[in-house]
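From a predicted model like this one, the values you see are computed outputs, not experimental measurements.
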Amino acid sequence: MVDGSMKKENAYVTIGELGEYIGQEVALAGWVVTLRSSGKILFLVLRDGTGICQGVLEKTAEHDALFDSLSHLGQESSIEMKGVVRVESRAPGGYELAVSGGRVIGESRDFPITPKEHGIDFLLRQRHLWLRSSRQTAIMRIRDTVTFAIREFFHNREFKLVDTPIFAPSVGEGASTLFEVDYFGQPVYLAQTGQLYLESAAMALRKVYCFGPTFRAEKSKTRRHLTEFWMVEPEVAFIDLDGLLELAEDFICSIVGKVLEKNRSDLELLGRDIGKLEKVQKPFARVTYSEAVEILHGSRAEKLLRVEYSQLEKLIAELEAELEASTQQQATVTKAWQKDKLGARIIEIRDQLAEARESLKNIPLHLELAKGFNWGKDLGGSDETIISKLHERPVFVTHYPRMTKAFYMRQDRANEQVVENFDLLAPEGVGEIIGGSVREEELDRLLARMKEEGLATEPYEWYLDLRRYGSVPHGGFGLGIERTLGWICGLKHIREAIAFPRMMGKVYP
RNA sequence: UCCUCGAUAGCUCAAUGGUAGAGCAGCCGGCUGUUAACCGGCAGGUUGUAGGUUCGAGUCCUACUCGAGGAGCCA
């Protein structure tokens with residue numbers, strides 16, 4: 001491209017662009033990741049938000065003062081580091097800096113997050129600092145790709161972004177699951193969806209979407225729940241269920257494709273099985289709710305759970321053997337650091353063992369839930385897991401019983417017991433990431449459903465107007481960003497998918 | 001709301017009912033190619049809270065608090 005000086009946004013070169021400066025002297029600015037000193041030589045690993053780079057400094061007469069000032073820096077001190085860039089296979093990242101100058105920008109002492117294992121409670125209390133770790137930055141980069149891919153996808157298809165309100169005056173069903181806010185003496189609720197407002201906008205712009213935070217006050221403490229999460233919701237006029245499924249399918253393929261294109265190294269850092277993401281191609285399987293119930297009752301589900309049960313038993317036996325071996329080995333090794341490394345591995349094995357035993361214990365319960373499932377109930381978490389594990393790609397489940405779903409979902413004219421809705425279940429047992437439906441466009445049917453649910457019509461008059469003034473078939477869906485990221489990144493818990501997770505009983509920092 | 005498990009140094013964890021320890025982080029010293037470097041030293045504690053059993057409790061019992069992940073509910 002152009003010469004180096006033209007590219008600089010300021011006096012500093014970033015680590016990401018070091019490859020273009022081999023043999024040249026550059027100045028980097030960043031934070032100290034680790035620092036090792038051997039008396040006469042020191043290695044300083046710097047992180048600047050674009051990558052990591054090792055600086056090497058020898059203690060010579062010329063650099064004596066510099067050596068002393070750098071060798072006493074604490075982890076995460078911010079510094080400026082100057083030197084000549086050279087290729088070095090032993091250095092992380094492939095380049096290193098022969099340090100010739102440096103300056104402390106901001107000191108750091110006793111950084112709480114050490115290069116050791118930490119518990120989740122501690123890490124969440126240090127979330128503002130935890131964000132700096134390689135794993136967390138990888139997730140944030142993937143989130144950025146996902147967010148951008150979403151906007152790009154809708155923009156390219158002529159969808160218009162419409163921002164819907166966070167304060168919602170009335171609630172649909174289940175008022176207890178929303179956060180109440182005092183709005184000048186009047187109770188309002190933090191939005192759990194922008195959908196009803198979006199339907200209005202779809203009657204204006206035809207294809208619209210909203211993308212923002214959404215709030216649920218459910219007292220759920222599981223790995224797939226947050227009280228504040230981000231959701232993107234498209235809404236389209238003149239669309240039917242098939243059209244919605246196609247849209248959702250293209251949407252998911254587009255998002256996953258972009259992440260595969262832009263974040264391979266991040267996925268590798270997270271230890272994600274990339275082959276599983278590469279299988280995310282059209283078409284996705286489609287089963288109706290009624291078929292899902294049959295699957296749950298049938299031999300495939302039972303076989304799946306039995307296979308899983310024996311695999312878990314095998315895994316547990318292996319882990320127990322390794323635990324035994326590691327424990328014995330730990331008693332025989334002499335070096336303290338060897339004991340420590342084995343100790344860390346033992347803790348890891350115990351964690352995995354505990355998790356495997358928990359899963360094993362749950363399988364008979366899941367089997368029982370699946371067998372005892374009756375048509376008319378909503379699918380439970382374990383039921384969804386079973387359906388999703390039977391497929392390598394995401395699966396659509398459509399046509400749920402009318403009575404388990406919201407009043408605005410369109411009744412199937414061929415079978416009025418069910419509605420034209422769908423959930424999209426991500427594979428690998430992740431479960432629901434999308435929920436959507438065609439909306440009931442006939443005023444009379446909508447009013448009948450509201451009556452059935454015992455809903456007052458008065459707060460919804462504006463919404464009913466959409467059926468009075470040129471109603472058209474329309475529909476849409478909502479995608480949970482954190483759940484999607486959890487699936488793409490292979491996270492155990494979606495709390496890592498957002499910078500500052502809000503969970504039941506956790507609002508700090 | 002229910003079920004299961006847990007709480008010991010800043011962090012991760014040890015400790016048959018019998019003198020509370022180790023590693024990391026911190027501080028001091030040593031070491032010229034380290035990859036969570038290594039070696040030596042120093043410092044670091046009201047064992048979540050309140051009771052109880054006992055000659056003696058980190059360990060046993062009861063209650064509570066907080067946390068983890070399941071169920072329900074949901075994206």
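- Contacts of A:E482 with the nucleic acid, taken as non-hydrogen atoms under 4.0 Å apart, are absent.
- An OP1 or OP2 oxygen of B:C27 is reached within less than 4.0 angstrom by a side-chain nitrogen or oxygen of A:R109.
- Using C1' as the reference atom, B:G44 and B:G69 are 33 Å apart when rounded to the nearest Å.
- Contact annotation for A:G431: no contact, since no heavy-atom pair falls under 4.0 Å across all strands.
- Ring stacking holds between A:F229 and B:A75, with the centres under 5.5 Å apart and the planes within 30 degrees of each other.
- As rounded to the nearest Å, B:C11 and B:A68 have P atoms that lie 16 Å from one another.
- When each of B:A71, B:C74, B:A75 is scored by its nearest atom to the side-chain atoms of A:S382, the top-ranked nucleotide is B:A71.
- Among the protein residues, A:D378 comes within range of the sugar-phosphate backbone only, with heavy atoms under 4.0 Å from sugar or phosphate atoms but none that close to a base.
- Not one side-chain nitrogen or oxygen of A:R90 sits closer than 4.0 Å to the OP1 or OP2 atom of B:A37.
- Using modelled atom types, one side-chain atom of A:S388 and one backbone atom of A:A426 make a donor-acceptor pair closer than 3.5 Å.
- A:L226 comes within 4.0 angstrom of a base, heavy atoms only.
- Residue A:H225 places no side-chain N or O under 4.0 Å from the OP1 or OP2 atom of B:A75.
- Contact check on A:E76 versus A:R132 returns a salt bridge, with a Lys/Arg side-chain nitrogen under 4.0 Å from an Asp/Glu carboxylate oxygen.
- Across the C1' atoms, B:C66 and B:U47 are found 16 Å apart, a figure rounded to whole Å.
- Both distances falling under 3.5 Å, in either a Watson-Crick or a G-U wobble arrangement, occur for no nucleotide opposite B:U47.
- Taking 4.0 Å as the cut-off between side-chain N and carboxylate O, A:E249 and A:R286 count as a salt-bridged pair.
- In this structure, B:C31 forms no base pair with any nucleotide, since neither Watson-Crick nor G-U wobble geometry is met with both distances under 3.5 Å.
- Side-chain nitrogen and oxygen atoms of A:R36 include none within less than 4.0 Å of the OP1 or OP2 phosphate oxygen of B:U34.
- Nucleic acid contact for A:K506: sugar-phosphate only, since backbone atoms but no base atoms lie under 4.0 Å from a heavy atom of the residue.
- Of the nucleotides present, B:U65 is the one that pairs with B:A7 by Watson-Crick or G-U wobble criteria, both distances under 3.5 Å.
- Looking at heavy-atom distances under 4.0 Å, A:K59 makes no contact with the nucleic acid at all.
- Here A:R224 reaches the OP1 or OP2 of B:A71: one of its side-chain N or O atoms lies under 4.0 Å away.
- Counting non-hydrogen atoms under 4.0 angstrom, A:T484 reaches nothing in the nucleic acid.
- Residue contacts for A:Q195: at a heavy-atom cut-off of 4.0 Å it reaches no nucleic acid atom on any strand shown.
- No side-chain donor from either of A:Q75 and A:T114 sits under 3.5 Å from a side-chain acceptor of the other.
- We find that CZ of A:F122 is positioned 17 Å from P of B:C24, with the value rounded to whole Å.
- Among the atoms of the strands shown, base atoms are found under 4.0 Å from some heavy atom of A:P92.
- Pair assignment for B:C60: B:G52, on the basis of Watson-Crick or G-U wobble contacts that are both within less than 3.5 Å.
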